[in-house]
J.: 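One structure is given below, represented as structure tokens, and several questions about it will come after.
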Amino acid sequence: MNWLKKIFNKKVDERQEMDLLRVEHYSFWLMFWLLAIEIIVQGIILDGGDKILGEWIVFMATAVFSVAGFIRKGVWSYQAKKVPGVKSYFLYSVIAGAAGGVMFFLIMFKKSPDTPQAVLAGTFGMAAAVFAISFAAFCVLGTITKLREKKLEREAMEDDEEDE
């Protein structure tokens, strides 16, 4: 056990730790978005949809872990002090729906270019489904994050009152 303390003992000051966290932050988001792009390129353009299961599992595990961590800490992003509202959820969902529709269109049109009307109808259905699922997920996660943020604020105020 003593050797574990030697390995994991913190040997940097606060400024160095913040620098390390900043590098880790940018590295994580670079990896996340490059993995998303790789899944799209390999799955749609290169038609390797059945070969991206490993990448998809890593991508989704990373996304779920990040969202769970954000909710646990009661934060939403670096840019916003508070969790956004319904207008932002709607905008984010429109973007997700459009992206999902475009990806569905590209996949289906590549597989069956002879039936463009059916592909187009399916695209609008897929875009609507992605929009609805995204909007519901944003509403649920936003509500949970707001509740968690309020709980953390209450706990901090109680700690301050105990210190006095």
Side-chain angles (χ1 to χ4, degrees), residues 4 7-8 10 12 14 16-111 122-159:
L4 282 175
I7 293 174
F8 293 109
K10 189 168 107 172
V12 296
E14 289 83 10
Q16 291 169 325
E17 186 174 6
M18 287 302 297
D19 291 341
L20 287 170
L21 289 174
R22 189 173 294 118
V23 170
E24 289 173 1
H25 167 79
Y26 288 116
S27 299
F28 168 79
W29 287 111
L30 176 67
M31 179 273 314
F32 185 82
W33 290 114
L34 287 175
L35 189 56
I37 292 167
E38 188 270 337
I39 289 170
I40 292 168
V41 168
Q42 189 174 353
I44 295 174
I45 298 171
L46 300 178
D47 200 26
D50 56 339
K51 297 178 181 119
I52 60 172
L53 181 62
E55 289 92 341
W56 181 251
I57 290 170
V58 170
F59 181 76
M60 291 309 293
T62 304
V64 168
F65 185 81
S66 297
V67 169
F70 294 152
I71 289 173
R72 186 173 157 260
K73 294 296 183 180
V75 295
W76 191 263
S77 73
Y78 279 100
Q79 291 78 28
K81 290 188 177 188
K82 299 290 181 188
V83 177
V86 176
K87 290 180 191 176
S88 296
Y89 302 155
F90 182 79
L91 177 64
Y92 300 156
S93 299
V94 166
I95 293 168
V102 167
M103 286 189 288
F104 181 82
F105 177 80
L106 293 173
I107 291 169
M108 296 310 292
F109 191 73
K110 190 172 184 178
K111 288 183 179 180
T123 298
F124 285 117
M126 179 58 76
V130 170
F131 169 81
I133 292 168
S134 298
F135 188 75
F138 281 127
C139 287
V140 168
L141 294 173
T143 302
I144 292 170
T145 303
K146 286 177 186 177
L147 293 173
R148 180 69 180 158
E149 182 181 26
K150 287 178 184 176
K151 181 181 177 188
L152 291 172
E153 285 176 6
R154 267 195 315 269
E155 289 174 357
M157 288 176 64
E158 290 172 1
D159 288 343

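This one's a predicted model, so the numbers in the text were calculated from it and none came from an experiment. FYI, side chains are in, hydrogens and waters are out, and symmetry mates aren't considered; it's all heavy atoms of this structure.
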J.: Using a 4.5 Å cut-off on heavy atoms from C-beta on, say whether the side chain of Phe32 contacts that of Ser66.
T.: no

J.: Would you indicate whether Met18, at its atom CE, is surrounded by more than 12 heavy atoms from other residues, nucleotides or ligands within a distance under 6.0 Å?
T.: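 Open: at most 12 neighbouring heavy atoms sit under 6.0 Å from CE of Met18.
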
J.: How far apart are the C-alpha atoms of Phe135 and Val94, what are their side-chain angles, what is the distance that settles it, and do they pass the side-chain contact (heavy atoms from CB on, under 4.5 Å) test?
T.: CA-CA 8 Å; Phe135 188 75; Val94 166; over 6 Å; no

J.: Decide yes or no on side-chain contact (heavy atoms from CB on, under 4.5 Å) for Met31 and Phe28, but give the supporting numbers first.
T.: CA-CA 5 Å; Met31 179 273 314; Phe28 168 79; 3.9 Å; yes

J.: Quick check on Phe59: does its CZ atom have over 12 non-hydrogen neighbours (other residues, nucleotides or ligands) under 6.0 Å away?
T.: yes

J.: Which atom names give the shortest non-hydrogen contact between Ala96 and Ser134, and what distance separates them?
T.: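 Residues Ala96 and Ser134, closest heavy atoms: CB-OG, 3.4 Å.
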
J.: Can you check whether Phe124 and Phe104 have ring centres sitting under 6.0 Å from each other?
T.: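 Here the rings of Phe104 and Phe124 have centres that are no less than 6.0 Å from each other.
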
J.: I need the Leu34 CG to Trp29 CH2 distance, nearest 0.5 Å.
T.: 13.0 Å

J.: Any chance you could measure Gln42, atom CD, to Glu55, atom CD, to the nearest 0.5 Å?
T.: 5.0 Å

J.: Hey, could you give me the CZ/CG distance between Arg72 and Leu152, rounded to the nearest 0.5 Å?
T.: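 Rounded to the nearest 0.5 Å, the CZ-CG separation comes out at 9.5 Å.
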
J.: Restricting to non-hydrogen atoms, name the atom on Met103 and the atom on Ile40 that form the minimum distance, rounded to 0.1 Å.
T.: SD-CG1, 3.6 Å

J.: To the closest 0.5 Å, what do you measure between CG (Leu141) and OH (Tyr89)?
T.: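 Going from CG on Leu141 over to OH on Tyr89, the span is 8.5 Å.
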
J.: So do the side chains of Met108 and Thr123 get within less than 4.5 Å of each other, counting heavy atoms only?
T.: no

